[in-house]
2 protein chains.
Amino acid sequence: METVKLVTISQQAGLVADDQSIYSQILNDIAQGQLVSGDRLVTTQLAKKYGSSINPVREALKQLEGEGFVAFQKNSGARVARFAFSTMRDVFEMLQLLEPYLLKEFTQNHTPEDIAELENIIQKMTATQAQDFTRFRELDTAFHWQLYRGHYNQEAVKLWRRKRLILQAMHANLPISHKRYSDAVAEHQTLLSFISKGAVEEANEALLAHIKSGGDYWIAQVTETASSSGYRPLQGLTG
Amino acid sequence: METVKLVTISQQAGLVADDQSIYSQILNDIAQGQLVSGDRLVTTQLAKKYGSSINPVREALKQLEGEGFVAFQKNSGARVARFAFSTMRDVFEMLQLLEPYLLKEFTQNHTPEDIAELENIIQKMTATQAQDFTRFRELDTAFHWQLYRGHYNQEAVKLWRRKRLILQAMHANLPISHKRYSDAVAEHQTLLSFISKGAVEEANEALLAHIKSGGDYWIAQVTETASSSGYRPLQGLTG
DNA sequence: TAATCATTAATTGTTAACAATAATTAAATA
DNA sequence: TATTTAATTATTGTTAACAATTAATGATTA
């Protein structure tokens with residue numbers, strides 16, 4: 001029984017390897033919200049699902065533990081890591097550190113083809129309905145991925161990818177407001193204009209503003225649903 | 001046969017858990033330079049060494065892979081991750097991003113006991129011979145650990161710890177010059193003076209300068225021994 | 001002698017069985 | 001009936017055996 005494999009944009013973008021390893025499949029399920037924060041990861045079930053024995057599953061889970069996506073508890077097995085809603089603040093603050101660092105290189109060294117590709121992504125964004133928030137998110141990710149993927153500090157790139165995946169996991173099942181949609185498109189456009197000029201400072205400022213506005217929006221979204229525990233506002237890293 | 005367990009300062013400081021799990025023991029061996037970059041990690045040997053079978057070893061190695069300390073190659077097993085000397089540049093640039101972020105919180109919210117502890121560490125540093133570079137490095141680590149350990153963004157703290165361990169692994173077997181030793185002590189002192197005043201900006205500037213001077217020193221050290229491949233100078237993140 | 005090939009040994013990655021622990025269900029008691 | 005207690009089931013974490021792959025050794029040929 002031959003099946004046609006569906007490849008999502010986020011996979012094309014390279015955020016998760018598109019091999020069929022147990023590791024990648026579990027990570028994909030987490031990133032796409034099939035497995036949500038706190039879900040038990042029962043080795044026997046996963047082994048059956050992926051047609052293997054429990055040890056390769058355990059190894060994949062251990063690797064994911066090392067990457068922060070899974071948490072083990074002694075004699076109680078593995079769960080998808082608890083993403084408290086303070087986690088979202090922490091992730092956005094991390095992105096505020098990482099992304100300007102990664103962008104600087106791109107702003108200084110990019111080809112016309114890079115810019116064309118980015119314009120192409122923005123074009124697709126504008127052609128996308130706000131309701132189709134899965135596709136919009138994928139394009140958003142693809143835009144940033146295009147900016148950072150070529151950086152010399154590949155460990156930093158890997159880190160960005162992980163944080164981005166956690167973010168994706170946290171709002172995989174939430175819709176995007178029409179305002180946020182149009183704001184995001186506009187922010188990408190201004191960002192791109194600074195990048196194509198090679199204006200490092202301005203581009204980084206625009207990027208920080210973009211991350212912050214996205215962060216404020218999503219934290220508010222999550223706060224609405226989640227119970228209010230010790231909330232701290234997102235820290236603006238410049239002015 | 002009862003044995004007295006030696007606990008190093010870096011363990012006390014909490015950089016590596018002091019449990020006797022296979023994971024922690026391997027990580028300690030990497031951090032202390034017993035296992036060096038590129039070394040093969042033969043499961044059967046490690047299993048014998050730690051008195052277990054190969055599967056728990058494999059799981060520990062997979063977790064360490066997730067954390068970036070170990071690299072697997074298909075059907076060729078695991079090795080300690082290749083720390084190229086560009087890795088050191090990447091690590092220092094990452095630390096330049098992370099540490100000011102982590103420090104800000106501490107500068108704003110610290111107790112007199114915190115300051116006393118930091119002064120205590122500096123005291124011990126000045127009382128240490130430059131030749132005893134292992135102890136000096138442990139005190140250096142303990143100083144920074146004291147600054148960051150309490151931060152609300154524990155994922156960022158965990159990340160700092162990993163980067164610091166990689167650094168430790170890379171110069172575990174290298175001596176420290178007398179100049180670097182005295183410079184480092186002085187830098188810690190000026191940093192502490194700004195922190196105790198609650199001067200966020202000045203403290204962060206002093207910290208950045210401290211990281212950069214350390215980075216430049218160690219990159220030069222490693223460059224001397226290593227063959228010169230595509231080297232890039234350490235990027236100063238402010239001015 | 002040098003180079004190629006086949007054989008052997010070592011190591012990896014996986015499977016399946018097993019003890020230890022935790023969770024669940026059923027039985028017994030107040 | 002409610003609540004504890006015992007028995008059962010499920011799951012975890014580990015061990016030991018096994019096929020697949022790679023590395024090492026020795027024999028064969030030019």
Side-chain angles (χ1 to χ4, degrees), chain A residues 1 3 5 16-30 34-83 158 169, chain B residues 1 3 5 16-30 34-83 158 169:
Chain A
M1 192 178 73
T3 56
K5 190 162 136 269
V16 182
D18 66 346
D19 60 25
Q20 286 303 297
S21 65
I22 298 172
Y23 163 85
S24 295
Q25 293 190 63
I26 295 175
L27 184 51
N28 251 316
D29 284 349
I30 294 173
Q34 315 273 3
L35 290 168
V36 301
S37 175
D39 278 1
R40 285 195 65 191
L41 297 165
V42 180
T43 52
T44 50
Q45 290 175 11
L46 293 170
K48 189 177 287 183
K49 178 175 178 183
Y50 299 121
S52 78
S53 56
I54 65 173
N55 292 50
V57 171
R58 283 182 60 86
E59 286 176 18
L61 292 175
K62 278 285 173 185
Q63 188 176 348
L64 289 165
E65 181 188 22
E67 293 177 352
F69 295 107
V70 163
F72 272 76
Q73 205 172 356
K74 176 76 178 171
N75 284 325
S76 176
R79 291 173 177 275
V80 179
R82 295 273 178 195
F83 301 134
K158 204 185 289 179
Chain B
M1 191 178 76
T3 55
K5 189 162 138 272
V16 182
D18 65 347
D19 60 24
Q20 287 302 298
S21 65
I22 298 172
Y23 163 85
S24 294
Q25 293 189 64
I26 296 175
L27 184 51
N28 251 317
D29 284 349
I30 293 174
Q34 315 273 4
L35 290 168
V36 301
S37 176
D39 278 1
R40 283 195 66 191
L41 297 164
V42 179
T43 52
T44 51
Q45 289 174 11
L46 292 169
K48 189 178 285 182
K49 179 175 178 183
Y50 299 122
S52 78
S53 56
I54 65 173
N55 294 51
V57 171
R58 281 182 61 87
E59 286 177 16
L61 292 175
K62 278 285 172 185
Q63 187 176 349
L64 289 165
E65 182 188 22
E67 293 177 353
F69 294 108
V70 164
F72 273 76
Q73 205 173 358
K74 176 76 177 168
N75 285 325
S76 177
R79 292 172 177 273
V80 179
R82 294 274 178 195
F83 300 134
K158 203 185 292 178

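Below, read A as the first sequence line, B as the second, and so on, with proteins coming before strands; counting in each chain starts at 1. Note that the structure is predicted; figures quoted are calculated from it, not measured.
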Are A:K62 and A:E65 ion-paired here, with the side-chain N under 4.0 Å from a carboxylate O? yes

Report all side-chain donor-acceptor pairs from residues 68-82 of chain A shorter than 3.5 Å, counting only partners two or more places apart or in another chain.
{"from": "A:R79", "atom 1": "NH1", "to": "A:G38", "atom 2": "O", "distance (Å)": "2.8"}

I'd like to know if the side chain of B:T43 reaches the main chain of B:R58, judged simply by a donor and an acceptor atom lying under 3.5 Å from each other, with no hydrogens or angles considered. no

Once side-chain contact (heavy atoms from CB on, under 4.5 Å) is applied, do any residues pair with B:Q45, and if so which ones, sequence neighbours excluded? B:V42

Roughly, in whole Å, what's the span from CZ in B:R79 to P in C:dT12? 10 Å

Indicate the atoms forming the closest heavy-atom contact of B:D39 with B:Q34, along with that distance. OD2-O, 4.3 Å

Rounded to whole angstroms, how far apart are CG on B:D39 and P on C:dT11? 15 Å

To the nearest angstrom, how far is A:I22 atom CD1 from C:dG13 atom P? 13 Å

Enumerate the protein-to-nucleotides 19-25 of chain C contacts in which both atoms are nitrogen or oxygen and the separation is below 3.5 Å.
none

List for me each residue that meets side chain to side chain donor-acceptor pair (under 3.5 Å) alongside B:E67, sequence neighbours excluded, and say none if there are none. B:Y23

May I ask you to list the residues of residues 41-66 of chain A, by number, that have any heavy atom positioned under 4.0 Å from an atom of DNA chain C? A:S52, A:S53, A:N55, A:P56

Taking atom types as modelled, is there a side-chain donor on B:S21 or B:D19 under 3.5 Å from an acceptor on the other? yes

Length of the line joining B:Q73:CD and D:dT22:C1', which is rounded to integer Å: 12 Å

The criterion is side-chain contact (heavy atoms from CB on, under 4.5 Å); which residues satisfy it with B:K158, sequence neighbours excluded? B:E155, B:R161, B:R162

